[in-house]
Amino acid sequence: MSGAQGGQARPRVRATDDAGPRGTRVPGGGFARQVHAEWTKFRTIRGWVAGLVVAALVTALLGLLSASSSHASCGPTDAACPAVPVGPDGGAVNDKFFFVHRSLTGDGSITVRVTSMTGQIRKPDATPGVRNVVSGVVPWAKAGVLVKDGTRQGSAYAAVMVTGAHGVRMQHNYTHDVAGRPGGVSRQSPRWLRLTRSGETVTGAESADGARWTTLGSVRLAGLPATVRIGMFAASPGDLTVTRGDLGGSVTAVRFAETTAVFDEVSLGGGTSGEAWRHDDVGVTLEPDGSPHHPGRAETSGATFTVTGVGDIGPSAEGMSVENTLTGVPAGLIVVIVVAVSFVTAEYRRGLIRTSLLAVPARGRVVAAKAVVIVAVTFVAALAACAVAVTYGTGILRDNGNQVLPVPWLTEVRVVAGVAALFAATAVLALGLGFLFRSSAAAVTGAIAVTVVPHILATASVLPAEAAQWLLRLTPAAGFAIWQSVPEYAHVLDTYTPQAGYYPLPPWAGLAVSCGYAALAVALAIVRLHRSDV
């Protein structure tokens with residue numbers, strides 16, 4: 001008796017131009033076998049494979065094209081821009097200040113009293129052509145005591161300082177900041193500051209009267225040499241103003257500012273030398289004729305030091321970042337969405353989904369197996385594309401004279417692998433929508449509307465910053481935070497908006513939001529399959 005006569009024949013999936021390899025039977029037992037079957041389907045359909053290749057090429061080539069079209073130079077002679085200083089952790093830093101210092105060999109300390117902190121700020125000109133300079137200090141103007149591994153920009157340091165509006169702080173190695181007592185400084189309310197070095201450990205302390213001291217913290221500066229520089233410094237970042245643009249975005253202007261601090265009661269202990277105080281304008285910008293642009297200065301009157309400085313000591317975001325090479329990602333995501341949706345809807349369109357489900361008792365396995373396959377193939381394709389874009393794109397940017405912000409190698413790996421994971425999460429989201437809508441047009445439109453469109457709206461200066469931040473918190477576009485290579489720092493004033501490349505969620509938290517939406521779409525797809533005939 002034949003199978004058709006004695007019982008129900010086993011269904012087989014035959015190849016068409018959209019789904020299923022010729023003569024391949026969809027296995028019913030074991031999840032691994034189901035994944036293998038879905039992988040066989042995927043790799044056999046040339047359109048799907050070609051779609052992933054196109055997605056990878058679009059991502060890489062658009063990024064490289066964008067890098068090739070970006071050129072920069074510094075100065076009237078179109079000279080190459082100087083390299084960005086790199087801190088001990090491999091990140092880009094600002095390291096520009098005026099330093100009055102001596103050498104310290106071995107252990108030792110410095111104690112000073114700060115009696116005054118004043119400054120000047122350039123404001124928008126009230127009368128065209130007439131400089132509008134007013135008295136005042138910007139919030140993160142800094143003056144205090146410093147221990148540093150020489151005067152080379154980017155070298156390790158620890159400092160205790162008074163600030164324009166953030167009280168006393170202890171900072172070290174550019175990215176680390178500890179708050180002390182709030183309040184300003186004046187002749188009626190001076191501040192005593194102290195740094196003590198013991199081997200590689202530097203301890204900071206402050207006092208209101210020079211007798212009762214409060215320890216701010218101790219930090220380890222790995223590799224600190226036996227002889228370092230110790231002394232007083234002053235620095236002032238520019239005055240930052242942000243105004244609303246015509247299209248709803250923000251317009252940022254940074255204008256000159258300097259700060260002047262008065263130090264007395266200077267006391268040195270330990271291995272400080274008896275040499276004269278040295279004056280260094282660390283990181284000063286030079287004019288084409290070699291003269292300093294906005295130089296700092298210092299004056300000594302008896303035991304009183306008056307130090308004036310410009311610039312800042314801290315992390316830097318002045319330049320292009322590695323994610324600037326990933327401008328092709330939104331376009332690549334759109335192609336991936338089309339492929340992932342088609343991976344589902346092609347079976348509905350050809351009437352093959354019923355056959356696949358009849359061959360698998362647990363319907364959720366079909367969704368899960370397709371999700372595993374689309375995650376794997378999308379991640380691999382996107383990983384290759386992003387690695388090419390970042391590796392070669394940053395080189396092209398530098399060759400074109402751009403300042404590319406250096407980042408630790410682990411950050412660069414996180415950007416490349418994280419964006420590939422964003423591609424994979426978006427593909428799974430699109431896959432789930434394919435099962436839910438069962439229509440290619442509806443699923444593709446929905447996936448693009450909740451992933452790519454919110455990101456474009458949030459970063460294209462067409463929405464207020466608050467609205468843009470909410471979009472990047474609550475939609476699957478939150479995952480774009482994974483490519484932010486330079487984080488927001490509380491002790492650095494900047495335009496922390498999506499339009500400026502800053503995202504409201506930390507990188508991994510943003511990616512987790514995208515993954516959460518993908519998991520929800522898959523779960524809803526499984527529920528619908530269990531409640532429907534097909």
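Quick note: residue numbers are just sequence positions, from 1.
Residues meeting the side chain to side chain donor-acceptor pair (under 3.5 Å) test with Thr111, sequence neighbours left out: Arg194. Taking Glu299 as the reference, nothing meets the side chain to side chain donor-acceptor pair (under 3.5 Å) condition, with sequence neighbours excluded.
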Item to complete: Give the intermediate values and the outcome of side chain to side chain contact (heavy atoms under 4.5 Å, CB included) for residues Tyr503 and Thr459.
Response: CA-CA 10 Å; Tyr503 292 78; Thr459 58; 4.1 Å; yes

Fill in: Derivation of the side chain to side chain contact (heavy atoms under 4.5 Å, CB included) call for His172 and Val202
CA-CA 9 Å; His172 76 281; Val202 180; over 6 Å; no

Worksheet item: Please walk me through it: do Glu275 and Ser103 pass side chain to side chain donor-acceptor pair (under 3.5 Å)?
Response: CA-CA 8 Å; Glu275 65 181 356; Ser103 64; 3.3 Å; yes

Worksheet item: Where do Thr151 and Asp280 land on the side chain to side chain donor-acceptor pair (under 3.5 Å) test, with the steps shown first?
Response: CA-CA 8 Å; Thr151 57; Asp280 274 299; 4.8 Å; no

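Here the CD1 atom belonging to Ile456 is positioned 9.5 Å from the CD1 atom belonging to Ile448, to the nearest 0.5 angstrom. Taken from CZ in Arg113 to CH2 in Trp192, the straight-line distance is 4.5 Å, to the nearest 0.5 Å. For the atom pair OG of Ser109 and CG of Leu195, the computed distance is 9.0 Å after rounding to the nearest 0.5 Å. Distance CG/Asp89 to OG1/Thr175: 5.0 Å, rounded to 0.5 Å.
Residues Glu323 and Ser321 bring a donor and an acceptor atom of their side chains to less than 3.5 Å of each other. A donor-acceptor pair shorter than 3.5 Å can be found between the side chains of Ser218 and Thr203.
Checked options Val137, Thr259, Val162, Asp312; the residue passing with Lys142 is Asp312 (criterion: side-chain contact (heavy atoms from CB on, under 4.5 Å)). Paired with Val310 under the rule side-chain contact (heavy atoms from CB on, under 4.5 Å), one option of Phe98, Phe97, Phe256 passes, and it is Phe256.
In this structure a side-chain-to-backbone donor-acceptor pair under 3.5 Å is missing from Thr391 to Val388. Side-chain atoms of Asp149 do not come within 3.5 Å of backbone N or O of Val228 as any donor-acceptor pair. Although no hydrogens or angles enter the test, the distance criterion places no donor-acceptor pair under 3.5 Å between the side chain of Arg414 and the main chain of Val416. Not one N or O on the side chain of Gln403 forms a donor-acceptor pair closer than 3.5 Å with the backbone of Val84. Counting only distance, with no hydrogens or angles, the side chain of Asn402 and the backbone of Leu397 share a donor-acceptor pair below 3.5 Å. Between the side chain of Ser189 and the backbone N or O of Val185 there is no donor-acceptor pair closer than 3.5 Å. Checked by atom type and distance alone, the side chain of Asn400 pairs as donor or acceptor with a backbone atom of Ala67 at under 3.5 Å. Between the side chain of Thr451 and the backbone N or O of Ala447, at least one donor-acceptor pair lies under 3.5 Å. Proximity of a side-chain donor or acceptor of Thr215 to a complementary backbone N or O of Gly217 within less than 3.5 Å is not detected. Between the side chain of Asn173 and the backbone N or O of His176, no donor-acceptor pair lies under 3.5 Å.
Val284 and Pro295 get closest at one heavy-atom pair: CG2-CA, 4.4 Å. In terms of heavy atoms, Gly393 sits closest to Thr325 at C-CG2, 3.6 Å. Residue Thr495 comes nearest to Ala500 through the heavy atom pair O-CB, 3.1 Å, listed as atom of the first residue, atom of the second, then distance. The minimum heavy-atom distance linking Arg191 with Pro182 is given by the pair NH2-O, 2.7 Å. Listed here is the closest heavy atom pair of Pro498 and Ala468: CG-CB, 3.9 Å. Shortest non-hydrogen contact noted between Glu206 and Arg181 is OE2-N, 2.9 Å.
Taking the six-membered ring for Trp and the full ring otherwise, Phe99 and His279 have centroids separated by 6.0 Å or more. Proximity of the aromatic rings of Phe263 and Phe305 is defined here by a centroid distance below 6.0 angstrom, and this criterion is not met. Between Tyr489 and Tyr174, the ring center distance fails the sub-6.0 Å criterion. A ring-centre distance under 6.0 Å is found for Trp140 and His166.
In this structure, Val282 and Lys96 have side chains that are not in contact, with every pair of non-hydrogen atoms separated by 4.5 Å or more. Side-chain contact between Asn94 and Gln153 is absent, with no heavy-atom pair separated by less than 4.5 Å. The shortest distance between side-chain heavy atoms of Val114 and Val262 does not fall below 4.5 Å. Side-chain contact check for Thr285 versus His294: every heavy-atom pair is 4.5 Å or farther apart. In this structure, Thr115 and Asp264 have side chains that are in contact, with non-hydrogen atoms separated by less than 4.5 Å.
The aromatic rings of Phe480 and Trp483 sit perpendicular to each other, their planes meeting at more than 60°, with 30° as the lower class boundary.
Ion pairing between a basic and an acidic side chain is recognised when a charged N comes within 4.0 Å of a carboxylate O; Asp239 and Arg255 show no such pairing.
For residues 301-311, every residue pair satisfying the side chain to side chain donor-acceptor pair (under 3.5 Å) rule, not counting sequence neighbours, is listed here: Thr260-Thr308.
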